[in-house]
Amino acid sequence: MLPYPSGKLHMGHVRNYSIGDALARYMWMRGYNVLHPMGWDSFGLPAENAALKENRNPREWTLGNIGHMKVQMQRLGFAFDWSREVTTCEPEYYRWNQWFFLKMFERGLAYRKEALLNWCPECATVLANEQVVNGCCWRHETTPVEQRAMPQWFLKTTAYARELLEDMKQLEGGWPERVLAMQRNWIGRSEGAEIDFRLEPAGTRIRVFTTRIDTIYGATCIILAPEHPLVDQLMSTAEQRIAVKEMIDATARQETGQEEKLGLFTDCYAIHPFSGARIPIWIGNFVLMGYGTGAIMAVPAHDERDFEFCRAHGIPVVPVIRPLDGELADPPTMKEPFVEYGIVENSGEWSGLASAEARKKMAAYASQHGFGAAAITYRLKDWGISRQRYWGTPIPIIYCPDCGAVPVPEKDLPVRLPAGVKITGEGRSPLETVASFMNVPCPKCGRPARRESDTMDTFVDSSWYFYRYCDARNHRAPFDSATIARWFPIDQYIGGVEHAILHLIYSRFWTKVMRDIALIRNEEPVKRLFTQGMVIKDGAKMSKSLGNVVSPDDMVERYGADSARMYSLFAAPPDRDLDWQEDGVSGVSKFLSRVYRFVTRNAEATSGSGEADRDALRSLHQTIQKITTDFDSRWHFNTSIAALMELTNELLEKEERLSSDVRRSICRDLTLLLAPFAPYTTQDLWETLGETGPAFRQPWPKFDPQLAEQDEIEIPVQVNGKLRGHIRVAPGTPKEQLEQLARENAKVKPFLEGKQIVKVITVFDRLVNIVVK
RNA sequence: GCUGGAGUGGCGGAACUGGCAGACGCACGGGACUCAAAAUCCCGCGUUCUUCACUGAACAUGUGGGUUCGACCCCCACCUCCAGCACCA
């Protein structure tokens, strides 16, 4: 066995794949043709960092790892079509990643700019936003990340912000509400207005974004983010600049949730565009450069943060919104701002209007007079895809001293990763040190130029791997459009909720871009999404970074692949978190052994009375119905498996009294019912039964309602809603008769004596409830 | 604070459309087989009371109300836990 780091594939993955695999097998048995792309994370951070530590060539190492992971998955018996496997770390996949990048570059959807990046001094590398936890590196929880300014490539996801948000309507019902909520929140649309304040006396405009233009007469100062471009101009002395720098540093040191609102006065003033008043310009650390315009108008009377800031720095509070059921607040006695809508007051000609109306009219006025307009702002930011890493798709750009950033011509794709690169861990892109890679002639003018040394984020790979899977060996295009039209959008996607705002936004974005370049016609990649719960171990999510993983290999060793897989489905419904308690696996293992023994000893002709045949067949068909329903509607595989256990228990009890023919036919159906969950056991049994071919390609057992029908049912009898007895009747017994039998029942009678029967509620075939007084 | 979700035995969980609460499994206790152990099989297993016993009763689905013949399920208020976002103007 190859060596590999702790649990590359762990029970969290196994659970995820077991759900998809069970469903795929079931769909096959129901006669569907199923394409089943499986993604797994085998590239990127953990692999590269581990390699870095051991100072080995990441390519060999990672490929070995992928190979091992594949072995693990094959050992676990996932019915994935390996011939279509998409390996995203091969030059052919790079080619198409680069091809997409060039298409986006042509359309202005890929651009380069200087940006602040998260930097972990411990790892000596950059981190993506999502890898920063509480201001620290996710791998070094006590090491705060630093910010480093670096030029980097962005994909313009913001160009699709509106569409990504609006198209979520198409996903409603098919996607879990919490994922939609997270995406809505992440995209963060807010409707308001942008307003220009003139700087006095220079006349430079400061643009602010507000959702509450109706409160603008209450604006008592302007606050700029410390990183705002105007700050340099307004804070011209050395002391002032040092003060700004200190503010930025102090803010960086603060812990999340305990921020203090720091402020600096600029000694400058701006002119209020509505009232003409002269208001001071401040710098505040709570104003974010990354949202809106990086500058706000502070309305302390009607915004909590502004209130806190202005009170702390002695800036006046001017109430201009009157509550619908109250009076305009009195500044000296105000304890908190009034943040709701109300009636506008002290606002010139706008006084007396309702907030909602004032918002519209004031924005229109600003627009007419050229100092503002209604505006919509999104929280979503463009996707920074540059990584200073060896392992990834090289960004196909060449920097020429004369021509600037020149895209690599399509005919020269793919740009391959050079071999034999030493990973130094110094935090610069490893490719930078490879002269043969870096130095190339400019594609435009032919003079010496240098390649881009960064590689792409691995989320680029996962954004479209499932498209490629449908046509994995295509060398002329990323995939064939007609093939995609046949398979897309994906009917059912299954994954962890941790992808809600990463992979699942990126792949939606990628789909929209591909649609716009006429490669595909579907607008969304995934019609229905299922998010399985996490696997919890020792109170925390099972994950590589936390090191609390349970290796599937150990489980396979001890209980077998089928038991490990089945337990991951049995222990909890798939959408709920699963607390990993290893003790439970033995129960599933015992169950499989019982089935195995039952089927193998009944595979050949046996003898038996046959008096229990009817009952056994009834239970079998009730089970078929139950599992079929579970698959078709709600995927509660835990109850499906429980039903199979119940059936097996009953069959073992009745075994002696079953005829040979019935035993054999039940063995056949039982084996098939187990096929989606326990592939190895099933296949073994299938062959033991003298059958050939894969069990999971057999037709799913057919439910026969006549065989499932009960001859006699037990109906509960209640008195005043309390259970007092049961009556046994044939199904379909008329209500009158049920009522009669209920009254005469020996258990029930004592509760009726001396009482007056008010009424009797009889639910056909279900229940009788006698109401007495 | 906002958003989404969850609270049922010692534990994981079941109860599908408002109709027998605790399926199935784990753990535990008792027994059979065995020199012994493992494996396997059988029985018991919410709490309290009641009966010598068979049995029977009351109370139980986070808390408090409500609707209903009947509520784990629907409505109102609250508590706790988990997850995500969080100075978003």
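Below, each value reflects all heavy atoms present in this structure, side chains not excepted, and no hydrogens, waters or symmetry copies.
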Walk me through whether A:Cys221 and A:Met297 qualify under side-chain contact (heavy atoms from CB on, under 4.5 Å). CA-CA 6 Å; A:Cys221 69; A:Met297 60 176 204; over 6 Å; no

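- A sub-4.0 Å separation between OP1 or OP2 of B:A39 and a side-chain N or O of A:Arg594 is absent.
- Residue contacts shown for A:Phe751 are limited to sugar-phosphate atoms, with no base heavy atom under 4.0 Å away.
- The shortest distance between side-chain heavy atoms of A:Phe459 and A:Trp383 falls below 4.5 Å.
- Comparing the C1' positions of B:G9 and B:C26 gives a spacing of 13 Å, expressed to the nearest Å.
- As a whole-Å value, the separation of A:Gln581 CD from B:G10 C1' is 11 Å.
- Counted within 6.0 Å of CZ on A:Arg634, heavy atoms from surrounding residues, nucleotides or ligands total more than 12; the atom is thus considered enclosed.
- Rounded to whole Å, atom P of B:A89 lies 12 Å from atom CD of A:Glu304.
- Using a distance-only test at 3.5 Å, with no hydrogens or angles considered, no donor-acceptor pair links the side chain of A:Glu194 to the main chain of A:Phe209.
- The side chain of A:Glu646 lies closest to B:A23, out of B:A23, B:A89, B:C87.
- Comparing B:A89, B:G84, B:C24 by their closest approach to the side chain of A:Ile296 singles out B:A89.
- Tested against A:Asp306, the residues A:Thr215, A:Ile296, A:Thr220 include a single side chain to side chain contact (heavy atoms under 4.5 Å, CB included) partner, A:Ile296.
- With rounding to whole Å, A:Phe309 atom CZ is found 18 Å from B:A89 atom P.
- In this structure the side chain of A:Leu741 reaches within 4.5 angstrom of the side chain of A:Val729, judged on heavy atoms.
- Residue A:Val287 is in base contact, counting any heavy-atom pair closer than 4.0 Å across all strands shown.
- Between A:Arg597 and A:Ala642, it is A:Ala642 whose nearest contact on RNA chain B lies nearer the 5' terminus.
- Taking the charged nitrogens against the carboxylate oxygens, A:Arg601 and A:Glu655 do have a contact shorter than 4.0 Å, which makes a salt bridge.
- Taking atom C1' on both B:C72 and B:A14, the two are 11 Å apart, rounded to the nearest angstrom.
- Counting heavy atoms from C-beta outward, A:Lys747 and A:Arg724 have side chains that stay 4.5 Å or more apart.
- Contact check for A:Asp575 versus A:Gln532: no side-chain heavy atoms found under the 4.5 Å cut-off.
- In this structure, A:Arg379 forms a cation-pi arrangement with A:Trp186, its terminal cationic atom sitting closer than 6.0 Å to the ring centre and no more than 45° off the ring axis.
- Using a 4.0 Å heavy-atom criterion, one finds that A:Lys590 contacts the sugar-phosphate atoms exclusively.
- Looking at heavy-atom distances under 4.0 Å, A:Phe591 makes no contact with the nucleic acid at all.
- Comparing B:U47 with B:A21, their C1' atoms are spaced 14 Å from each other, to the whole Å.
- A donor and an acceptor atom, one from each side chain of A:Gln183 and A:Asn185, are nowhere located under 3.5 Å apart.
- The interatomic distance linking A:Arg359 (CZ) with B:A89 (P) rounds to 11 Å, in whole Å.
- In this structure, A:Arg724 reaches the sugar-phosphate backbone alone: every heavy-atom distance under 4.0 Å involves primed, P, OP1 or OP2 atoms, never a base.
- Using a 4.5 Å cut-off on side-chain heavy atoms (C-beta onward), A:Ser640 and A:Asp630 make contact.
- Between A:Ser593 and B:U40 there is no side-chain polar atom (N or O) within less than 4.0 angstrom of OP1 or OP2.
- Counting only heavy atoms from C-beta on, A:Leu288 has its side chain closest to B:A89 among B:G56, B:A89, B:G13.
- Atom-to-atom, CD1 of A:Ile187 to C1' of B:C85 comes out at 14 Å; the value is rounded to the nearest Å.
- A gap of 22 Å separates the C1' atoms of B:C35 and B:G30, to the nearest Å.
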Table of protein N/O atoms under 3.5 Å from nucleotides 19-22 of chain B N/O atoms:
unit_1: B:G19; atom_1: N2; unit_2: A:Gln718; atom_2: OE1; d: 3.4
unit_1: B:G19; atom_1: N2; unit_2: A:Asn769; atom_2: ND2; d: 3.4
unit_1: B:C20; atom_1: O2; unit_2: A:His726; atom_2: NE2; d: 2.7

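- Atom pair A:Glu308:CD and B:C87:C1' shows a separation of 8 Å (rounding to whole Å applied).
- Look at the C1' atom in both B:U8 and B:A15: the space between them is 10 Å, to the nearest Å.
- A:Asp577 comes within contact range of the sugar-phosphate backbone alone, with a heavy-atom separation under 4.0 Å but no base atom that close.
- In B:G9 the O4'-C1'-N dihedral to the base is within 90° of 0, which defines a syn nucleotide.
- Close to B:A57, at under 4.0 Å from its OP1 or OP2, lies no side-chain N or O of A:Lys722.
- Comparing the P positions of B:G62 and B:A89 gives an interatomic distance of 37 Å, to the nearest angstrom.
- Computed from coordinates, the A:Met534 CE to B:A83 P distance equals 7 Å when rounded to whole Å.
- As rounded to the nearest Å, B:A32 and B:G25 have C1' atoms that lie 23 Å from one another.
- Between the P atoms of B:C73 and B:G7, the separation comes to 11 Å (whole Å).
- Using a 4.0 Å heavy-atom distance criterion, A:Pro573 is classed as a sugar-phosphate-only contact.
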Let me check I have this right: for RNA chain B, each base becomes ., (, ), [, ] or |, based on Watson-Crick or G-U pairs with both distances under 3.5 Å. What is the full string? (((((((..(((......[....))).(((((.......))))).((((......))))..(((((..]....))))))))))))....

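- Both cation-pi conditions hold for A:Lys261 and A:Phe286: the charged atom is under 6.0 angstrom from the six-membered ring centre and inside a 45 degree cone around its axis.
- Positionally, the nearest nucleotide of RNA chain B for A:Glu177 lies more toward the 5' end than for the other of A:Glu177 and A:Thr211.
- What separates CZ of A:Phe637 from C1' of B:G13 is a distance of 16 Å, to the nearest Å.
- Applying the 4.0 Å criterion to OP1 and OP2 of B:A15, one finds that A:Arg634 has a side-chain N or O inside that range.
- Within the nucleic acid shown, A:Asn649 comes within 4.0 Å of sugar-phosphate atoms alone, with no base atom in reach, counting heavy atoms only.
- One finds no side-chain N or O of A:Tyr567 lying less than 4.0 angstrom from the OP1 or OP2 phosphate oxygen of B:G25.
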